Amino acid sequence: MTVTWTIFRREFASFFVTPTAYIIAAGFMLFTGVFFSQEFQVAAVRRIPINPATIPSLVSYMLVFFAPLFTMRLFAEEKREGTVELLLTAPVSEASIVVAKFMAAWAYVTILLGITLVYQAILATYAPQDIGHTILAYIGIWLYSGTVISIGMMFSALTENQIVSAFSSLLTLLILYVGDGVGGIIGNIQLSEIMRSLSLEAHYSTSFAAGLFRAEDAAFYAGVIVIMLFLTMRILESNRWR
Amino acid sequence: MIEVKSLTRLYGEVIAVDHISFKAASGEIVGLLGPNGAGKTTTMRMLTGFLPPTSGSAKIGKYDIVEDSMEARRRVGYLPERVPLYQDMTVFGYILFWAQLRQVKAPRDRTVDVLKRFDLLGRRDKLVRQLSKGLRQRLGLAQALVHDPPVIILDEPTIGIDPQQVIEVRQAVRDLRKSHTVLFSTHILSEAEEICDRVVIIDKGRIVAQGTPDALEKQVRANSFTLEVGRLAPERVLEVLRAIPGVASVKRRDAHFSVETDGSRDVRGDISGAIVAAGGELLEMKQVKSSLEDVFLRAVQSAADNPQGQKKS
């Protein structure tokens with residue numbers, strides 16, 4: 001456990017010793033900020049309430065493009081630099097390494113999500129907010145972000161090239177994201193239902209974003225995270241056998 | 001301290017390490033010597049637990065590298081050939097990270113000690129990426145030693161650094177002798193000769209010779225001489241020398257003759273006697289000062305001549 005904590009701390013700190021974390025955060029805030037201002041203006045002019053899930057829903061789309069940027073280096077960089085050889089010859093289990101790295105990336109996104117609470121605070125100063133709805137929207141996006149990161153991390157373990165890592169996870173995430181929409185235009189209802197169930201977005205937009213909690217959606221995200229962590233461990237182990 | 005038994009590693013169909021066995025006692029420096037691609041790195045990667053062996057076994061202390069991998073890994077310090085470093089960490093942070101990961105008691109104090117030992121304390125707040133190659137090498141060594149392991153495995157620690165730094169690294173390795181078992185690989189023969197207590201020569205995955213540098217040299221040294229002979233026609237000298245039992249070959253090089261024996265007996269007396277008896281005079285007889293290089297070339301050569309066990313289905 002202390003070992004996992006040690007790796008977590010190093011990994012988390014490594015986000016902030018390079019400009020990467022700050023640049024990604026700046027881009028993130030720029031997008032959400034512009035979007036929020038527009039929504040806020042429209043709502044103010046028309047005197048209609050703003051859905052508390054507006055920003056989290058936007059984030060769910062943005063993460064498809066942003067998450068690969070900070071998951072791409074998780075393992076790819078260690079493999080390229082050779083440090084993975086030292087990690088794997090230290091008395092540390094693969095599970096510790098994988099969990100620590102996953103948690104570090106998730107902690108970084110949690111900070112990004114935390115910053116967007118500023119928007120919710122601004123809303124709250126203008127009109128009373130549905131706190132329950134807001135909390136659920138954020139729990140949902142938090143689980144969603146963990147899922148996205150676990151997928152990105154798995155691709156990072158597959159290669160020592162960060163660009164390959166970033167693009168393969170971006171493509172996968174995009175397919176998983178649009179699965180819902182594509183499912184909607186398919187005639188075959190069963191197939192479209194399967195696509196919807198597998199899509200990342202559908203488990204968020206129709207439940208958490210609407211202020212609902214459905215155990216199946218939380219279980220979907222948790223399940224994908226566990227599977228991805230497991231796969232990453234296996235990929236890491238498989239490097240030894242090649 | 002290190003006990004390797006019939007260790008084998010295949011990459012697909014290719015045999016990288018082929019049934020090698022050797023031991024390294026406590027406090028001994030053992031050099032793993034061989035050309036590039038001989039299987040040195042693979043052997044070390046198996047001992048450090050990075051690669052599992054295909055067959056055979058090895059022990060670090062009393063812990064099997066596969067059965068008790070975690071315990072074995074705790075007792076090994078490892079510096080891979082590429083000196084892996086986290087570029088964005090500070091010198092101090094990097095060593096502290098490994099101290100904590102290795103669960104060293106009082107990791108900060110230990111980090112300071114190790115940095116002091118490698119004369120890096122003055123650069124403790126520098127970023128790793130700003131260090132020169134020689135300093136990185138020292139940082140890598142500090143990393144391998146931070147948990148004070150009984151066994152230290154260094155993969156070509158003197159490659160690619162300047163001569164002054166090579167001397168420093170060699171000195172650092174020698175200083176480890178009393179308290180640690182060191183296994184280090186090199187393809188530089190003089191280096192192995194200089195610092196190793198014992199040398200294991202491997203080629204194409206197999207051990208072709210092992211022993212102390214002195215013993216290995218003796219095998220070759222006793223067997224070749226150069227002679228300078230006066231008052232006798234060169235053809236006659238060749239004839240006389242070739243007639244001596246135990247002489248394997250004689251070659252003429254200008255005024256000198258080089259004699260190789262089969263090593264079965266000491267032929268020096270016979271040589272001088274025969275030359276004088278034939279009416280010549282022996283002006284000089286010099287034992288060829290051979291080095292590990294000769295041992296190495298011979299060992300590698302004879303392994304190539306007898307390629308049994310080289311291919312396995």
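Predicted model only: the values in this text are computed from it and were never measured. Letters A, B, ... mirror the listed sequences (proteins, then strands); counts begin at 1.
Side-chain contact between A:Phe220 and A:Leu200 is present, with at least one heavy-atom pair separated by less than 4.5 Å.
With a threshold of 4.5 angstrom between heavy atoms, A:Thr83 approaches chain B through its backbone and through its side chain. At a 4.5 Å heavy-atom cutoff, the contact between B:Gln87 and chain A is made by side-chain atoms alone. For A:Val17, the part lying near chain B is the side chain, with the backbone staying farther off; criterion is any non-hydrogen pair under 4.5 Å. If you measure heavy-atom distances from B:Gln103 to chain A, the contacts under 4.5 Å come from the side chain alone. Only the backbone of B:Leu85 has a heavy atom closer than 4.5 Å to any heavy atom of chain A. Contacts of B:Arg102 with chain A are made by side-chain atoms alone, with heavy-atom separations under 4.5 Å and no backbone atom involved.
Between A:Phe70 and A:Phe15, the two ring planes are perpendicular [angle over 60°; tilted spans 30° to 60°].
Legend: salt bridge (Lys or Arg N to Asp or Glu O under 4.0 Å) pairs involving residues 7-26 of chain A, not counting sequence neighbours, sorted by first then second residue: A:Arg10-A:Glu78, A:Glu11-A:Arg73, A:Glu11-A:Lys101.
Of the listed residues (B:Arg82, B:Glu71, B:Arg74), the greatest number of heavy-atom pairs within a distance under 4.5 Å of chain A belongs to B:Arg82. Listed options A:Ser93, A:Ala13, A:Ala90 were ranked by heavy-atom pairs under 4.5 angstrom with chain B; first place goes to A:Ala90.
Here the two rings, on A:Tyr108 and A:Phe12, have centers that are 6.0 Å apart or farther. In this structure, the ring of A:Phe102 has its center less than 6.0 angstrom from the ring center of A:Trp106.
Judged by the 6.0 Å distance and 45° axis criteria, B:Arg138 is not positioned over the aromatic ring of B:Phe118.
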